[in-house]
Amino acid sequence: MHRARGVSLLEMLLVIALIAAISVLALAAMSGGREGIQLRSSTKQVAAALRFTRTHAIATGAPQRFTLDPVRHTWTAPMGRSGVVPPTLSITFTGAREVQPKRGEGAIVFFPDGASTGGRVQLGARKAAWNIDVAWLTGEVKLKRAQVAP
């Protein structure tokens with residue numbers, strides 16, 4: 001009697017695990033590693049908080065404020081929402097000085113009609129950066145990859 005030769009389940013699982021591990025390493029290398037993942041994640045968090053602040057201003061009919069402290073790497077939004085930007089990332093804020101809560105902090109105020117005071121938050125890592133732009137007329141929040149000087 002001749003037994004058919006094949007691949008065992010254990011060998012198959014080992015090959016699948018190896019392919020998965022190599023894929024994860026390749027993805028991390030191509031996306032800038034942990035710092036790149038933190039940059040994208042933090043950018044999306046801040047943009048979501050800005051959009052929430054705008055929506056909250058429209059829904060409540062009252063102006064709402066988003067604040068950013070680049071020194072402490074923290075942000076706050078209405079309804080007790082807050083967050084921390086990893087200290088490995090750089091933060092640059094450009095906005096209206098008139099709504100600045102205190103020296104060194106930035107703020108963007110959204111109004112009930114959806115408009116805002118406008119501004120830009122730039123989060124950066126070594127060779128990469130993202131701009132989060134807030135239009136003053138419409139309050140629209142847009143993400144755009146920033147040019148980084150060599």
Side-chain angles (χ1 to χ4, degrees), residues 10 12-150:
L10 183 60
M12 183 79 76
L13 290 175
L14 182 62
V15 169
I16 291 171
L18 274 168
I19 291 171
I22 290 169
S23 297
V24 167
L25 291 173
L27 181 64
M30 290 188 316
S31 67
R34 182 173 175 218
E35 209 170 62
I37 292 169
Q38 284 181 333
L39 175 60
R40 277 187 299 287
S41 174
S42 294
T43 300
K44 288 178 183 178
Q45 270 188 333
V46 171
L50 284 161
R51 289 182 181 119
F52 171 79
T53 305
R54 179 178 185 267
T55 302
H56 194 63
I58 294 168
T60 61
Q64 300 294 321
R65 180 184 303 258
F66 171 88
T67 60
L68 179 72
D69 186 339
V71 175
R72 290 194 176 105
H73 281 250
T74 59
W75 57 264
T76 58
M79 308 244 336
R81 293 180 186 233
S82 62
V84 177
V85 175
T88 56
L89 302 179
S90 65
I91 303 173
T92 307
F93 177 80
T94 307
R97 188 177 303 146
E98 293 80 15
V99 296
Q100 189 175 358
K102 53 185 162 182
R103 190 166 182 79
E105 287 185 16
I108 297 176
V109 176
F110 291 89
F111 303 105
D113 65 355
S116 73
T117 56
R120 171 180 281 173
V121 177
Q122 185 179 76
L123 300 180
R126 292 181 198 162
K127 297 180 182 177
W130 282 88
N131 288 337
I132 307 164
D133 292 317
V134 179
W136 65 271
L137 185 60
T138 63
E140 182 180 12
V141 178
K142 289 185 179 180
L143 300 176
K144 186 177 182 184
R145 188 164 234 153
Q147 297 295 325
V148 179

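Because only heavy atoms are used, hydrogens play no part in the values below, and waters and symmetry mates are left out as well, while side chains stay in. Numbering of residues begins at 1 and proceeds along the displayed sequence.
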Nearest heavy atoms of [X] and [Y], plus distance in Å:
{"X": "Leu89", "Y": "Ala125", "result": "CD2-CB, 3.9 Å"}
{"X": "Val109", "Y": "Pro63", "result": "CG1-CB, 4.1 Å"}
{"X": "Gly104", "Y": "Pro70", "result": "O-CD, 3.2 Å"}
{"X": "Gly139", "Y": "Val134", "result": "O-CG1, 4.0 Å"}
{"X": "Pro86", "Y": "Ser42", "result": "CD-OG, 3.1 Å"}

Would Val121 and Leu68 satisfy side-chain contact (heavy atoms from CB on, under 4.5 Å), going step by step from the backbone distance to the final call? CA-CA 9 Å; Val121 177; Leu68 179 72; 3.8 Å; yes

Reported CD1-to-CG distance for the pair Ile19 and Leu14, which is rounded to 0.5 angstrom: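 Between atom CD1 of Ile19 and atom CG of Leu14 there are 10.0 Å.
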
Rounded to the nearest 0.5 Å, what separation is found between the CG atom of Leu143 and the CG atom of Leu123?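 Nearest 0.5 Å value for the CG-CG distance: 9.5 Å.
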
Filter on side chain to side chain donor-acceptor pair (under 3.5 Å), then keep only pairs touching [range], sequence neighbours left out; what's left?
{"range": "residues 129-139", "value": "Arg120-Asp133, Gln122-Asn131"}
{"range": "residues 80-107", "value": "Gln38-Thr88"}
{"range": "residues 58-77", "value": "Thr60-Gln64, Thr67-Thr76, Asp69-Arg72"}

Scan residues 41-64 for pairs that pass salt bridge (charged side-chain N to carboxylate O under 4.0 Å, His left out), counting only residues two or more places apart or in two chains.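 Salt bridge (charged side-chain N to carboxylate O under 4.0 Å, His left out) check on residues 41-64 returns no pairs.
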
Not counting sequence neighbours, which residues clear side chain to side chain contact (heavy atoms under 4.5 Å, CB included) with Leu10? List them please.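 By the side chain to side chain contact (heavy atoms under 4.5 Å, CB included) rule, Leu10 matches Ser8.
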
Do Thr53 and Ile108 have side chains that approach each other closer than 4.5 Å (heavy atoms only, starting at C-beta)?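 Contact flag for Thr53/Ile108 side chains = no.
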
Please collect all ring-ring contact (aromatic ring centres under 6.0 Å, His included) contacts where either partner lies in residues 35-61, sequence neighbours excluded, each pair once.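 Passing the test, one end in residues 35-61: Phe52-His56.
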
Which pairs with one or both residues in residues 94-118 pass ring-ring contact (aromatic ring centres under 6.0 Å, His included), sequence neighbours excluded?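 Pairs touching residues 94-118 that pass the test: none.
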
Residues forming a ring pair (Phe, Tyr, Trp, His ring centres under 6.0 Å) with Phe93, sequence neighbours excluded: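 Not a single residue meets the ring pair (Phe, Tyr, Trp, His ring centres under 6.0 Å) criterion with Phe93.
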
